[in-house]
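Down below is the structure, laid out as structure tokens.
Naming convention: chains lettered A, B, ... in sequence-line order (proteins, then strands); numbering from 1 in each chain.
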Protein chains: 2
Amino acid sequence: MATIYDIAKKTGFSTTTVSKALNNYSDVSEKTKQKILQAVEEMGYLPNAHAQSLSTKKSWTIGVMFSESNEVGMKHPFFSAIIESFRKNAEREGYDLIFASRNLRNRDISYLEHFSYRAVDGIVVICSDPQDPQVQEMINSTIPIVVIDMNKQNCSLVFSDNIEGGKLAVNYLHSLGHTKIAHIAGDALTDAGAERIKGFKKAMNELNLPIHDGYLINGGLFSIGEGKAAMEKLLMLDDVPTAVFVAGDHMAIGAIEAIKEKGLSVPEDISIIGYDDIEMAAYITPKLTTIKQDTDMIGYQAAKLLMKQIIQKKKLITSKRIPVELIIRESCSQKK
Amino acid sequence: MATIYDIAKKTGFSTTTVSKALNNYSDVSEKTKQKILQAVEEMGYLPNAHAQSLSTKKSWTIGVMFSESNEVGMKHPFFSAIIESFRKNAEREGYDLIFASRNLRNRDISYLEHFSYRAVDGIVVICSDPQDPQVQEMINSTIPIVVIDMNKQNCSLVFSDNIEGGKLAVNYLHSLGHTKIAHIAGDALTDAGAERIKGFKKAMNELNLPIHDGYLINGGLFSIGEGKAAMEKLLMLDDVPTAVFVAGDHMAIGAIEAIKEKGLSVPEDISIIGYDDIEMAAYITPKLTTIKQDTDMIGYQAAKLLMKQIIQKKKLITSKRIPVELIIRESCSQKK
DNA sequence: CTCTTTACCGAAAGCGCTTTCGTTAATGAA
DNA sequence: TTCATTAACGAAAGCGCTTTCGGTAAAGAG
């Protein structure tokens, strides 16, 4: 690879001048700048990112930490949609994403250490466990950070309006005539799970609807299997609900499965409304009515918030609550 | 951040010795090594990746280029599953993944240039267009590379056994008594599409089954919409097939939609078999029978092939064909 | 007791780039 | 014509690390 030195030699200028020409310094004449640019072209010169970062202390990279309990990594449709949006926006500003592991050449180091090692300019974390010590460590560090899907951390936050989402779901169900509404909740240890429960309770309360015994059930960490198991419990109740608000689409899919296996059908016997609006939601049978999270907007705002911190060179404590939307499909129907 | 110089000062040794201790050189005594390691611990020292890369010419990063026509990026379930597997395997060897764009600080440069700039140790590309000039440029460069989902390039390749997959599908359909079998193909410009067509034809031939006019139809770039459109054309034929092998699960989902809208049902009226086995396949109605691509294995072999080239410091021209598997679910049934 | 090994350690150069600060020549002001 | 500006360029240090090549002292050989 040609270096800055090579093109200095070729043009007869010093490396200083070459560097300046490349970085648009004002104290280099237009004429020499053109000569240099031409040599750059001819020799196919490209700067070396590492040398550049070493001397400027800026790497133009953003570390992404992806953590969810089910070990699916980037296969997770909701998280990966957010990251994709984040990537597009960060890209536009000139940043590359780097996915780091905890394993630095077989020494088990923390994510923060790994990101420090790589000298990333910022970190984005998508994580559902608000207590994760790794995440806490990063939040407490000096590296700009934005965390997605949590709502009360001492840093910049981007999350969906989960309370509103819960209310939307319940109100919709109620508008269809349902009163015996259950909630298969996401684990209350996750902020998203807890907030959706809050929204559920609030809406039920405002509607003067009682929450029957056993109608608020923990569906765990949002997986299909857990959703199915939770629904099975609901089905064993003496007084089975006529509608259930499920805190995640995967869980909702599991719930529907449980209902079908029991010989009942959705929405005729039981209405189901999910949360997320993953791609699959529109294609299962019945097509899933759900609360859509705006992954594009989440990614966009996260990128924006992170850029802002990087530019201002200081961590900002802000939160951005992103609106959600009711997507009506076929899994809910009028109470008979 | 503490540097190697700081810990040299603290321990009284030279930076040379510190570096050697950290890199397990043999010419540093156990005693001084321990002293240095302790200082490292106390000061929370971490090496600087950029300085290290600059001097060793090795960055411990792998560039990933993700390209598919539908602009979904990492949301693509099949591709992201492969990348996830690749990541896990590369990680184990100490590599981080970097997702680069074509936009280097607002200058529009090629992927190859971007990866050169970042000085990645290797490149993995998942791309369906074998002619993509960007991909060709990378293949012709000196950077180790492995490309996934193509099967005749002058580099290391990993791909599914698409011919066998096509045959598996047709044979299965035939075993159910079907003879009027159509194929909604992936674009023949993609290797995967072309090979599946080959498998389809071969199997039909071996079975002495004629391919009726209009039974081989181009479904384009594997999207739901295109699959639906293709199926609609099949449904307009005078002699509608009783079974169709669809070259991708997304297209299959679209095909099923078309069939349902026509008032027919799967598999009672028409059997459908897909390709890929994306997550959704198991949850749509009817559950999709499909040819499963082994994404874990593809990612694993790709990582292995890339590591090998990196270690040997030379590009290798090999291909790894990964077996596929018939997954029987509910979208195909005995011909009535 | 002398000579060759061996074990340890360090000086210094180099990786490719940026940036401060100084220098020179050309320009304008007086 | 002389002095202060300004424009254009370069020397050199520095970013944090690795690695070659010597050098010294201790150990072993003869």
What's the [atom1]-[atom2] distance between [X] and [N], to the nearest Å?
X	N	atom1	atom2	result
A:Lys20	C:dG22	NZ	P	13 Å
A:Tyr5	D:dA11	OH	P	10 Å
B:Asn24	D:dT19	CG	C1'	16 Å
B:Asp6	D:dC15	CG	C1'	13 Å
B:Leu54	C:dG16	CG	P	7 Å
B:Asp27	D:dC21	CG	P	14 Å
B:Lys31	D:dA26	NZ	C1'	13 Å
B:Lys58	D:dT18	NZ	P	14 Å

Looking at [N], I'd like to know if its phosphate oxygens (OP1 or OP2) sit under 4.0 Å from a side-chain N or O belonging to [X].
X	N	answer
B:Tyr25	C:dG10	no
B:Ser55	C:dG14	no
A:Ser19	C:dT18	yes
A:Tyr117	D:dG16	no
A:Thr15	C:dC17	no
B:Ser14	C:dG10	yes

Examine distances only and state if a side-chain atom of A:Gln136 and a backbone atom of A:Pro130 form a donor-acceptor pair shorter than 3.5 Å.
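Here the side-chain-to-backbone pair exists.
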Would you confirm whether B:Ser85, through its side chain, and B:Asp296, through its main-chain N or O, come within 3.5 Å as a donor-acceptor pair?
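Checked: pair present.
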For A:Thr32, answer base if it contacts any base atom (sugar-phosphate contacts may also be present), sugar-phosphate if it contacts only those atoms, and nothing otherwise; contact means non-hydrogen atoms under 4.0 Å.
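Since only primed, P, OP1 and OP2 atoms lie under 4.0 Å of A:Thr32, the category is sugar-phosphate.
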Going by modelled atom types, is there a donor-acceptor pair between the base of D:dA12 and the side chain of A:Thr16 at under 3.5 Å?
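Indeed there is one.
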Choose from D:dG16, C:dC8, C:dT19 the nucleotide whose nearest atom is closest to any side-chain atom of B:Ala51.
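Shortest atom-to-atom distance from the side chain points to D:dG16.
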Quick one: which of C:dC15, C:dC17, D:dG16 gets closest to the side chain of A:Gln52?
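Of C:dC15, C:dC17, D:dG16, C:dC17 is nearest to the side chain of A:Gln52.
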Without hydrogens or angle criteria, can the side chains of B:Thr16 and B:Ser19 be said to hold a donor-acceptor pair below 3.5 Å?
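On atom types as modelled, these side chains do not qualify, holding no pair under 3.5 Å.
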Examine the side chains of A:Tyr117 and B:Gln52 and answer whether a donor and an acceptor come within less than 3.5 Å of each other.
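Indeed, the side chains of A:Tyr117 and B:Gln52 share at least one donor-acceptor pair under 3.5 Å.
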A:Asn48 or B:Phe13: which one's nearest nucleotide on DNA chain C is closer to the 5' end?
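With A:Asn48 and B:Phe13 compared, the 5'-side residue is B:Phe13.
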Salt bridge A:Glu91-A:Lys88, side-chain N to carboxylate O under 4.0 Å:
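Salt bridge: no.
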Parallel, tilted or perpendicular, as decided by the 30° and 60° cut-offs, for the rings of A:Phe79 and A:Phe66
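Plane angle over 60°, so perpendicular.
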What does the inter-axis angle of the helix from C:dC1-D:dG30 to C:dA30-D:dT1 come out as, five pairs per end, nearest 10 degrees?
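Its terminal axes enclose an angle near 40°.
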With rounding to the nearest 0.5 Å, note down the distance linking NZ in B:Lys35 to NZ in B:Lys10.
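If we round to the nearest 0.5 Å, B:Lys35:NZ and B:Lys10:NZ are 13.0 Å apart.
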Identify each donor-acceptor pair in which a side-chain atom of residues 297-304 of chain A lies under 3.5 Å from a protein atom, sequence neighbours left out, and give them as a table.
none

